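In this text the structure is predicted, and so the values were computed from the model without any measurement.
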Amino acid sequence: MTGPDGVVVLTDRLVARDRLDRVVAGAVAGGVRWVVLREKDLPRAERAALAADLRAILADVGGTLVVAGPDPLGGDAVHLPAAGPYPPPTHTVVGRSCHNQAELDRLTTEHYATVSPVHPTKTKPGYGPPLGPDGLRRLIDISPVPVLALGGVETPDQVTTCVRAGAAGVAVLGAIMRAEDPAETAATLTSAYVEAITPELTQTRRGVTQVPTSGLRPTVPTQGSSLTARSGHGRPQPPTATREEP
């Protein structure tokens, strides 16, 4: 399994407009396939139960839950802080929070890193200074692993800028957690990601328009999937897969 890409949602039940499982279900219906469970203040048993609920939501669409911290809570994907542990544990997916070149230089067997903060963030006001697009690009250029842009990424334009700087995806917290409609917000941001990674049409010398054929263009649901009740929370129905002509 490769590391996360696209729009990756970080959880924060304290700022979420609804129950966390419902917010995540909405984000998944909008195209999200990677979720990072934070909620580090919860007792382990409660956090493990929440992890099981979120994995069930993601399982319907082949998504992955990553747990912040070294304990995967019954899974096999973790996201570690810059401070440690070193060396990283052996799991299917291991990520690391990084903020500068020194922290990126310490990476060894991690599969991906988040780089932050790209922009000022409401979740951690005063945390920074913000890297901005140029600072993000510089760190991506020296990173030995794919990078997710994190921190204040809330709009489609910001998603586009991060992807064009070289990010494999964006990690989003506030824009989804605070959204009135997480499915719609997730779909909007995911569409911006898809458009940013899709090669633009090119003109040949003969004036014939061609599209690069290096691969299929990723697609996302155009409408939020219906949610059905199960064990006290809604679960998204898998979106119908579509393929676009290369």
S.K.: Tell me which donor-acceptor pairs under 3.5 Å the side chains of residues 135-148 have, and how far apart each pair is, sequence neighbours excluded?
M.R.:
unit_1, atom_1, unit_2, atom_2, d
R137, NH1, D134, OD1, 3.2
S143, OG, V145, N, 3.2
S143, OG, V145, O, 2.7

S.K.: Quick one, P4 and T64 - any side-chain contact, counting heavy atoms below 4.5 Å?
M.R.: no
S.K.: Restricting to non-hydrogen atoms, name the atom on T190 and the atom on G30 that form the minimum distance, rounded to 0.1 Å.
M.R.: OG1-O, 3.9 Å
S.K.: Using every non-hydrogen atom in the two residues, find where A183 and A29 come nearest and quote the distance to one decimal.
M.R.: CB-CB, 4.4 Å
S.K.: Side chain to side chain contact (heavy atoms under 4.5 Å, CB included), that's the test. Do V194 and T198 meet it? Break it down for me.
M.R.: CA-CA 6 Å; V194 170; T198 302; 4.0 Å; yes
S.K.: I need the R17 CZ to R178 CZ distance, nearest 0.5 Å.
M.R.: 9.5 Å
S.K.: Testing the basics here: between T109 and P88, what is the closest heavy-atom pair and its distance to 0.1 Å?
M.R.: OG1-CG, 3.2 Å
S.K.: Does the pair V15 and L173 meet the rule for a side chain to side chain contact (heavy atoms under 4.5 Å, CB included), with working shown?
M.R.: CA-CA 9 Å; V15 302; L173 191 154; 4.1 Å; yes
S.K.: So which of T11, D18, V9, V35 actually passes side chain to side chain contact (heavy atoms under 4.5 Å, CB included) with V23?
M.R.: D18
S.K.: Please report the shortest heavy-atom distance between L65 and A51, naming the atom on each side.
M.R.: CD2-O, 3.5 Å
S.K.: Do the numbers put R106 on top of the ring of Y86, so that NZ or CZ is under 6.0 Å from the six-membered ring centre and no more than 45° off the axis?
M.R.: yes
S.K.: Do W34 and L58 come within less than 4.5 Å of each other through their side chains, counting heavy atoms only?
M.R.: no
S.K.: Indicate the atoms forming the closest heavy-atom contact of A113 with L107, along with that distance.
M.R.: CB-CD1, 4.0 Å
S.K.: Would you mind reporting whether L54 and L50 have side-chain heavy atoms less than 4.5 Å apart?
M.R.: yes
S.K.: For a side chain to side chain contact (heavy atoms under 4.5 Å, CB included) check, start with the C-alpha distance between H119 and T155, then their side-chain angles and the critical distance, and finish with the verdict.
M.R.: CA-CA 11 Å; H119 302 289; T155 69; over 6 Å; no
S.K.: Can you sort out the partners of D181 under salt bridge (charged side-chain N to carboxylate O under 4.0 Å, His left out), two or more places apart, ordered by chain and number?
M.R.: none
S.K.: State whether a side-chain donor-acceptor pair under 3.5 Å links H79 with S97.
M.R.: yes
S.K.: Output all residues satisfying side-chain contact (heavy atoms from CB on, under 4.5 Å) with A192, sequence neighbours left out; order by chain, then residue number.
M.R.: P156, V159, T160
S.K.: Do L37 and V61 belong to the same hydrophobic cluster, where Ile, Leu, Val, Met, Phe, Trp and Tyr are linked whenever their side-chain heavy atoms lie under 4.5 Å apart, directly or via other members?
M.R.: yes
S.K.: Heavy atoms, side chains only, cut-off 4.5 Å: are V94 and L80 in contact?
M.R.: yes
S.K.: Rounded to the nearest 0.5 Å, what separation is found between the CG atom of D5 and the CZ atom of R33?
M.R.: 11.5 Å
S.K.: Are L20 and M177 close enough, and set up right, to give a side chain to side chain contact (heavy atoms under 4.5 Å, CB included), and what steps lead you there?
M.R.: CA-CA 8 Å; L20 193 57; M177 292 293 111; 3.7 Å; yes
S.K.: For R13 and E39: C-alpha separation, side-chain torsions, deciding distance, then whether salt bridge (charged side-chain N to carboxylate O under 4.0 Å, His left out) applies.
M.R.: CA-CA 7 Å; R13 73 189 191 286; E39 319 311 321; 2.7 Å; yes
S.K.: Same cluster for L131 and V172 if Ile/Leu/Val/Met/Phe/Trp/Tyr side chains link at under 4.5 Å?
M.R.: no
S.K.: Under the side-chain contact (heavy atoms from CB on, under 4.5 Å) test, which residues partner A52, sequence neighbours left out?
M.R.: none
S.K.: Heavy-atom distance under 4.5 Å between the side chains of E154 and L189, does that happen here?
M.R.: no
S.K.: For residues V170 and C162, determine if any side-chain heavy atom of one lies less than 4.5 Å from a side-chain heavy atom of the other.
M.R.: yes
S.K.: For E103, does the CD atom sit with more than 12 other heavy atoms under 6.0 Å from it, leaving out its own atoms?
M.R.: yes
S.K.: Quick one: do V36 and Y193 end up in the same hydrophobic cluster if we chain Ile, Leu, Val, Met, Phe, Trp and Tyr together by side-chain heavy atoms under 4.5 Å apart?
M.R.: yes
S.K.: For L14, which residues count as a side-chain contact (heavy atoms from CB on, under 4.5 Å) partner, sequence neighbours excluded?
M.R.: D12
S.K.: Can you find a heavy atom in the side chain of L150 that is under 4.5 Å from one in the side chain of V118?
M.R.: no
S.K.: A68 and K40: which non-hydrogen atoms are nearest, and at how many Å?
M.R.: CB-CE, 3.6 Å
S.K.: To the nearest 0.5 angstrom, please state how far the CD1 atom of I176 sits from the CG atom of L10.
M.R.: 11.0 Å
S.K.: Examine distances only and state if a side-chain atom of R96 and a backbone atom of P81 form a donor-acceptor pair shorter than 3.5 Å.
M.R.: yes
S.K.: Could you tell me if the side chain of Y112 sits less than 4.5 Å from the side chain of V8, heavy atoms only?
M.R.: no
S.K.: Could you pull out all residues at least two apart from T161 that satisfy side-chain contact (heavy atoms from CB on, under 4.5 Å)?
M.R.: P133
S.K.: Test your reading of the model: is there a side-chain donor-acceptor pair from H91 to the backbone of D76, 3.5 Å cut-off?
M.R.: no
S.K.: Got a second to check how far R44's CZ is from R47's CZ, nearest 0.5 Å?
M.R.: 9.0 Å
